[in-house]
Amino acid sequence: MGMADVSEIAPAPQALGRSRRRHGESVVKAVLLTAALLSVATTVGIVAALLEPTVGFFTHVGIVEFFTSTDWGPLFKPPSFGVIPVVTGTLITTVIAIAVAVPLGLAAAVYLSEYASARIRRVIKPTLEVLAGIPTVALGFFALTLVTPVMRDWSPFEISLKNGLSAGLVVGVMIIPIVASLSEDAMAAVPNGLREGAYALGSSRMTVALRVVLPAAFSGVVAAIILAVSRAAGETMIVVIAAGSNPLFTVNPADEMLTMASFIAQAGSGDAPVGTVAYNTIFAVGSLLFVLTFLMNWFSARLVRRYREVYE
Amino acid sequence: MNTMAGSLSSPPKTAFDGPKAPRDPASLDPVFTVSGLSVFYGDYEAVRGVDLNIGHREITALIGPSGCGKSTVLRCFNRMNDLIAGARVSGKILYYDEDVYGDHVDPIEVRRRIGMVFQKPNPFPKSIFDNVAYGPRVNGVKGDLGSVVEEALVKAALWDEVKDKLKASALSLSGGQQQRLCIARTIAVKPEVILMDEPCSALDPIATTKIEDLMQELAREYTILIVTHNMQQAARVSDRTAFFTAEVDDTGVRHGRLVEFDETSRIFTNPVDKRTEDYITGRFG
Ligand SMILES: Nc1ncnc2c1ncn2[C@@H]1O[C@H](COP(=O)(O)OP(=O)(O)OP(=O)(O)O)[C@@H](O)[C@H]1O
Ligand SMILES: [Mg+2]
């Protein structure tokens, strides 16, 4: 509409009419718009697909039972639908993973961006990113056949053959590259003038990294951690293999546990007929995972807005 | 005077106060004695064989055409060049009677004692208060930071403009205010020397005048080195001027050289070297 207005106000004698290139541009614009709409539509589609069976689920199962009972066995007879054990299972493995990945990933990022020479960085960073490409099945067996036995040999405490600790640790290893690589990108984007200013005031390298660079890269670092948390909470294969499938209500990481993602995989690979409560349960848990992840994103966006340091 | 120079490997024992000693143009009471200074970036010798004395509580201007090595030389005084991979220094820079590049010298202590203000104002993306408090904090100053911050902002002639918004972001200030904030940030560490690399080149004339006045004021307490492209500025503010230029050697490589160093009045009215005269009269080519 802007176009039309302009030509009405100022009718040009010639040469200001539409050229052929303009048509090409509108085609490009249409293609891009389609792509954008497609991704929105996909998201809406996913939500819609989750919604219908989720609503179906809650017509059979009370919302109070779902959120307060600690008994989870939707595929048993009689079934029980207390989602708490699956949520705690997810929380425990995710917290362990984050406890591993955030310190190590941030340390790696600080090293790469503030300490390493350009040559070392050129070698280490791609190597780290290759780590992110290891199939999670392999990592799952690594947890089950190496990490767990070693822990069972050395730990003074009782550790189950399948346990949340081992799964969480290895999920943590899996997401280190995400934290490290994205945080390093954020830190590398901090203007060099800030570093020079800090050094010129008598800062050590560590001080520059922790007091100037890291705070200035705060929003990027938080984004990296959020992505890592989402990956950890949604990680399935490692948890299925190493943490087991017994939905114990426990806070002891050495116990076997079921997570939301591993429940979905477990139930989804069974033969629950479409439309049954067992089938709908999968979607209810999926919706819950979606909502929890969404809430975390929303919360951290607020956090970032509150604490970030804007440079430029 | 030399009692003021604590060892560079330990914190200083004295603060600066008292009136500025009257300048004696003929005699120079040196804070820095530079001899045979060459600076290399990898294999490239960017600056060759500089001999220079920096007078106590004087303003020394480093001038010369672009690329002649003024910044390179300036960054030797507080060892900022250490941070550039491949940069190397030969020759000597004595700070009082201590070698800045000596084996036992701690570069962090050097930078604490010899502050620096950069061409582009580079306040941290923190509040005004936190910017000024940064240096004292990282140097372990305890107690009332509020008064340290206020004192530094007063000395940097910025206090009246920011006293009601110390919590505001430093980036909400104008360019000139940001540069004075950077000066305040430097002063808050209580350095003995302040290095300034074209501190006004990103500022408008009014902000420039303010910073020049400030430099004059600060020279009562601090030894100041300033790199500038602005001849009038060098003439207005400095006590002594060092003129650098780039010389091509037998192998066709350009090196920065110190051409002439003298009292500013002499450099601008009666230079010895033809190249200095050409440069200050704008006939440089
Ligand atoms: N980090 C660096 N690595 C390699 N060479 C450099 C580096 N910094 C400066 N040089 C070179 O050293 C020489 C002197 O540079 P310097 O920045 O000291 O000049 P300058 O006199 O400050 O110039 P200007 O007035 O433009 O700021 C130049 O040839 C420059 O290319
Ligand atoms: Mg320069």
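The basis for the numbers below is simple: all heavy atoms, side chains too, and nothing from hydrogens, waters or symmetry mates. Below, read A as the first sequence line, B as the second, and so on, with proteins coming before strands; counting in each chain starts at 1.
Between chain A and the residues L83(B), L195(B), V117(B), the most heavy-atom pairs under 4.5 angstrom are made by L83(B). Most heavy-atom pairs under 4.5 Å with chain A, from the set T186(B), V189(B), N122(B): that is N122(B).
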Next on the checklist: Test side chain to side chain contact (heavy atoms under 4.5 Å, CB included) on I93(B) and C76(B); report intermediate values, then the result.
Outcome noted: CA-CA 8 Å; I93(B) 299 184; C76(B) 289; 3.6 Å; yes
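Between V173(A) and F142(A), the closest side-chain pair of non-hydrogen atoms is not below 4.5 Å.
A donor-acceptor pair under 3.5 Å is absent between the side-chain atoms of S183(A) and the main chain of A180(A), judged by distance alone. Remark: the backbone N or O of G234(A) is paired with a side-chain donor or acceptor of T236(A) at under 3.5 angstrom. The backbone N or O of I226(A) lies less than 3.5 Å from no partner atom in the side chain of N297(A), so there is not a single donor-acceptor pair. A distance-only check finds no donor-acceptor pair linking the side chain of R113(B) to the backbone of E192(B) [under 3.5 Å].
Contacts between R185(B) and chain A at a heavy-atom distance below 4.5 Å involve backbone atoms as well as side-chain atoms. Contacts of P123(B) with chain A are made by backbone atoms alone, with heavy-atom separations under 4.5 Å and no side-chain atom involved.
Here CG of L146(A) is found 10.5 Å from CE of M151(A). Values are rounded to the nearest 0.5 Å.
Along residues 138-146 of chain B, the residues that come nearer than 4.5 angstrom to chain A, judged on non-hydrogen atoms, are V138(B), N139(B) in order of number. Applying a 4.5 Å heavy-atom cutoff, the residues of residues 197-206 of chain A that approach chain B are G197(A), A198(A), Y199(A), A200(A), L201(A), G202(A), S203(A), S204(A), R205(A).
Looking at D130(B) and R211(A), no side-chain N of the basic residue comes within less than 4.0 Å of a carboxylate O on the acidic one, giving no salt bridge. Using a 4.0 Å cut-off between charged side-chain N and carboxylate O, D197(B) and R75(B) make no salt bridge.
In this structure, Y134(B) and F124(B) have tilted ring planes: the angle between them lies in the 30° to 60° band.
Applying the salt bridge (Lys or Arg N to Asp or Glu O under 4.0 Å) test between K155(B) and each of E217(B), E221(B), E150(B) identifies E221(B) as the sole match.
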